[in-house]
> 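What follows is a structure written as structure tokens; I'll ask about it next.
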Protein chains: 2
Amino acid sequence: MLSDRQRQILQIIIEDYIATAEPVGSRTIARKYNLGISPATIRNEMSDLELLGFLDQPHTSAGRIPSSKAYRYYVDSLIKPGSLTPNDIALIDNWYKERVRNIDDIFQSTAKILSRMSKNVSLVLANKETTSKFSYMRFLPLNEHQAILCLITEDGQIDNCVVEIPLGMQQDELDYLARNITNKLHGMNLDTIDSEVLHDAHQEIQGDKMLFSSLLKAVTQMQQGQKKEKMFLGGTKQLFNQPEFQDANRIKELLGVLEEEQVLKDMLNAGTNSGLRVTIGSENTFTGIQDCSMIQATYRLNGQVVGTLAVLGPTRMEYKKVISVMDYLQKYMHVVFNKMSEANK
Amino acid sequence: MLSDRQRQILQIIIEDYIATAEPVGSRTIARKYNLGISPATIRNEMSDLELLGFLDQPHTSAGRIPSSKAYRYYVDSLIKPGSLTPNDIALIDNWYKERVRNIDDIFQSTAKILSRMSKNVSLVLANKETTSKFSYMRFLPLNEHQAILCLITEDGQIDNCVVEIPLGMQQDELDYLARNITNKLHGMNLDTIDSEVLHDAHQEIQGDKMLFSSLLKAVTQMQQGQKKEKMFLGGTKQLFNQPEFQDANRIKELLGVLEEEQVLKDMLNAGTNSGLRVTIGSENTFTGIQDCSMIQATYRLNGQVVGTLAVLGPTRMEYKKVISVMDYLQKYMHVVFNKMSEANK
DNA sequence: GTTAGCACTCTTTAGTGTAGAGTGCTAACA
DNA sequence: TGTTAGCACTCTACACTAAAGAGTGCTAAC
């Protein structure tokens, strides 16, 4: 529906605006880019593009800036999948080598490098929703009155809580008890164990309420530990170097959004189905970021969603670059994760 | 060294400026406060106070604002220990009742209420530096190749790591090993155990490097877990509602400071010796907050520093109110902590 | 010692003029 | 019919000016 020339002009305007943050005028285009047509012709095309809703004009004597519709068209139809420069690739590779010790480090490092390369805020959500299977339990002695109740899953996770020993109960009785309960629960998915399932165990404990509630507490604690979502933010300061966020009130508003961890989580979880998701300006349903764009990608391991990466910035964002970076990071995380699980074997 | 009248005028200027954030002029004072003297007299006194270094003048035709020296004098000599309003007390009491489940909740809640009542940023540093004594270790079975190494301290803390079982070694051999090492280490302060101390243990393991390094790893992991300082921030957004922080660049600078967790920790740890510490404006040695004041208090339990509370804001701070709030919170945390350890008994 | 009076200083706000950038329209051209 | 040169027009940004307002410092009188 757009002519080749219109597409060309639109792309130039978008990319020039992304680079300079200044409205783009017809003369600028004619001067900077060699299209072989005069400013007047460009003006006519721009006028048409504005009617079609692709361009906005801040005021009569300013150049044009791209509308949300233009960015959408740009992302969907104009961008060709680019690749990173060798420099960028080397930067990322070294980045991880120096920093990664455990899983949290991976997410943390990813947040940092992502914000650094995108010059915007990065959000990394670690979904630790893994469903492990219950293996066995033990009471480790502590003192006369207390013991440590340990739950162990088949994949080697362990959780514990301190319990009161019923008066007069000996360690061998506790061991017996642990064995019996273990027999009942062994091999069960951790998240299917609830107070009802534990009811059988209750009989083992012969109605000792304290012991039972401790057991329940340890189980739910472990379940929650598994479900935990962790959010890593990077580059808040950088975001406020963007020329669109130089106003104190705007900064405060954005800070408000970034402080609400739950809102951020909701935002990231809203688009976990597709591979890569770009939400542009007014497409955002969350208040406070309607002049922002967000690019997010989920990262899966063995089919399970392990994390979500996202970059949040002004609609005037380097979509091409950010998308390439996220693409690469997605692949890279795979490698890093595999290395890590190798190391744990 | 100051006359009664000078003290009175100084106090009025400070408190008026704290309340309004506007330079205070001689006519304003004469109009608002009934001192029985004319603006001209007040002007003379103000002139003297300026010479003495207590007042500054932004420009010739503006009123006066208090200098750091004035705030210092105010805090040291003019403030009378005030008490909170019943409203405030009720607010705090309810605040904790609703929110506190575990230790981290206490710190988190404290940060929130502190920032809310001070209208500035609150910092709460939880020093978890407790030195527990090593009790015993165990190898819990996991699978043919791996076991879970558990370290238990006398106060019931437990830490673990997954270790490779040397080829062909049986569980009873592991148990034997654990018993022997336990005999050597039992009762030792956790932080005195290092690779040298573990050398004896090394002989027990008969030179198995893997096992030894796992043991070392578990011990250091546990030591680090003990040392962990945790920082809770509250009310960043509120700080930027203060009229002195309405400039985008100033906001960015402050954000930079608040993002540097290590700097904040150093700031808080710098004044842990005294009970209550007020650092005013240029007294601050950390860059970026030289127009800020910080009020901090350490919270001790059984003589050990458990946490540090602090409020960071512009030098124009409601010292009186903040000091009372921190006073109260300090006492209140004591109560909450005791309740918590009661519950754990 | 206190105070009224007054000149002086400085900020703030509104208003004016100008340069510069960019557009839209029209008429001429290929 | 598409393209372009030319020109009037619009709007912003910036500099400059003027006037109002707040507050001081000084002096002379009480």
Side-chain angles (χ1 to χ4, degrees), chain A residues 1-10 12-14 16-17 19-67 70 243-244 246-248, chain B residues 1-10 12-14 16-17 19-67 70 243-244 246-248:
Chain A
M1 109 199 188
L2 292 185
S3 72
D4 276 0
R5 194 167 70 185
Q6 282 176 324
R7 260 201 296 280
Q8 196 183 15
I9 291 176
L10 183 57
I12 285 178
I13 293 176
I14 293 174
D16 199 271
Y17 184 66
T20 64
E22 296 289 332
V24 188
S26 55
R27 276 201 60 192
T28 315
I29 297 179
R31 218 185 311 117
K32 268 168 96 172
Y33 307 87
N34 233 336
L35 297 185
I37 48 178
S38 78
T41 311
I42 296 173
R43 275 206 287 284
N44 289 332
E45 297 287 21
M46 283 165 91
S47 185
D48 291 351
L49 285 169
E50 187 176 351
L51 273 178
L52 289 168
F54 286 105
L55 297 179
D56 288 332
Q57 211 173 4
H59 55 84
T60 40
S61 75
R64 304 299 213 293
I65 60 176
S67 65
E244 26 273 280
Q246 290 310 304
D247 175 65
Chain B
M1 112 198 188
L2 292 185
S3 73
D4 275 0
R5 195 166 69 186
Q6 281 176 322
R7 260 202 297 281
Q8 194 183 15
I9 290 176
L10 184 56
I12 284 179
I13 293 176
I14 292 173
D16 197 270
Y17 183 67
T20 64
E22 296 287 333
V24 189
S26 56
R27 277 200 57 193
T28 315
I29 297 179
R31 218 185 310 117
K32 267 168 98 171
Y33 307 86
N34 234 335
L35 298 185
I37 47 177
S38 76
T41 312
I42 296 173
R43 276 206 288 283
N44 289 333
E45 297 287 20
M46 283 165 91
S47 187
D48 290 351
L49 285 170
E50 189 176 349
L51 271 178
L52 289 168
F54 288 105
L55 297 180
D56 288 331
Q57 211 170 0
H59 55 86
T60 40
S61 74
R64 302 301 212 292
I65 60 176
S67 65
E244 26 271 280
Q246 291 310 302
D247 175 65

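Labels below follow one simple rule: chain letters A, B, ... track the order of the sequence lines, proteins then strands, and each chain is numbered from 1.
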> Looking only at non-hydrogen atoms, find the nearest pair between A:Leu55 and A:Met46 and report the distance.
CD1-O, 4.0 Å
> What is the minimum heavy-atom distance between A:Pro23 and A:Ile65, and which atoms define it?
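That closest heavy-atom pairing would be CA-CG2, 3.7 Å.
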> Counting heavy atoms not belonging to B:Arg27, are there more than 12 under 6.0 Å from its CZ?
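No, because the 6.0 Å sphere around CZ of B:Arg27 holds 12 heavy atoms or fewer from other groups.
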> Check this for me: B:Asn34, atom CG, are more than 12 non-hydrogen atoms of other residues, nucleotides or ligands nearer than 6.0 Å?
no
> Taking C-beta and beyond as the side chain, do B:Ile12 and B:Leu35 meet within less than 4.5 Å on heavy atoms?
yes
> Looking at side-chain heavy atoms only, is the closest gap between B:Ser47 and B:Asn44 below 4.5 Å?
no
> Using whole Å, what does the distance between atom C1' of nucleotide D:dT1 and atom CZ of A:Arg5 come to?
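Whole-Å distance recorded here is 12 Å.
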> Whenever both distances are under 3.5 Å in a Watson-Crick or G-U wobble pair, mark it; put DNA chain D into dot-bracket that way, with [ ] for crossing pairs and | when the partner is on another strand.
||||||||||||||||||||||||||||||
> Using whole Å, report how far CZ of A:Arg27 lies from P of D:dG6.
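Those two atoms, CZ and P, are 12 Å apart.
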> Determine the sole option in A:Glu45, A:Glu50, A:Glu22 for which the salt bridge (Lys or Arg N to Asp or Glu O under 4.0 Å) test with A:Arg64 is passed.
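Result for salt bridge (Lys or Arg N to Asp or Glu O under 4.0 Å) with A:Arg64: A:Glu50.
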> Does B:Ser26 use its side chain to pair, donor to acceptor, with the backbone of B:Ile42 at less than 3.5 Å?
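Judged by distance alone, no pair lies under 3.5 Å.
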> Does the side chain of B:Ile14 reach to within under 4.5 Å of the side chain of B:Val24, using non-hydrogen atoms?
no
> Are any of the side-chain heavy atoms of A:Phe54 and A:Ile13 separated by less than 4.5 Å?
no
> If you take any heavy atom closer than 4.0 Å to DNA chain D, which residues from residues 29-44 of chain B end up in contact?
B:Arg43
> Looking at DNA chain D, which of residues 46-65 of chain B put a heavy atom within less than 4.0 Å of it?
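Result for residues 46-65 of chain B: B:Met46, B:Gln57, B:Thr60, B:Ser61, B:Ala62, B:Gly63, B:Arg64, sorted by number.
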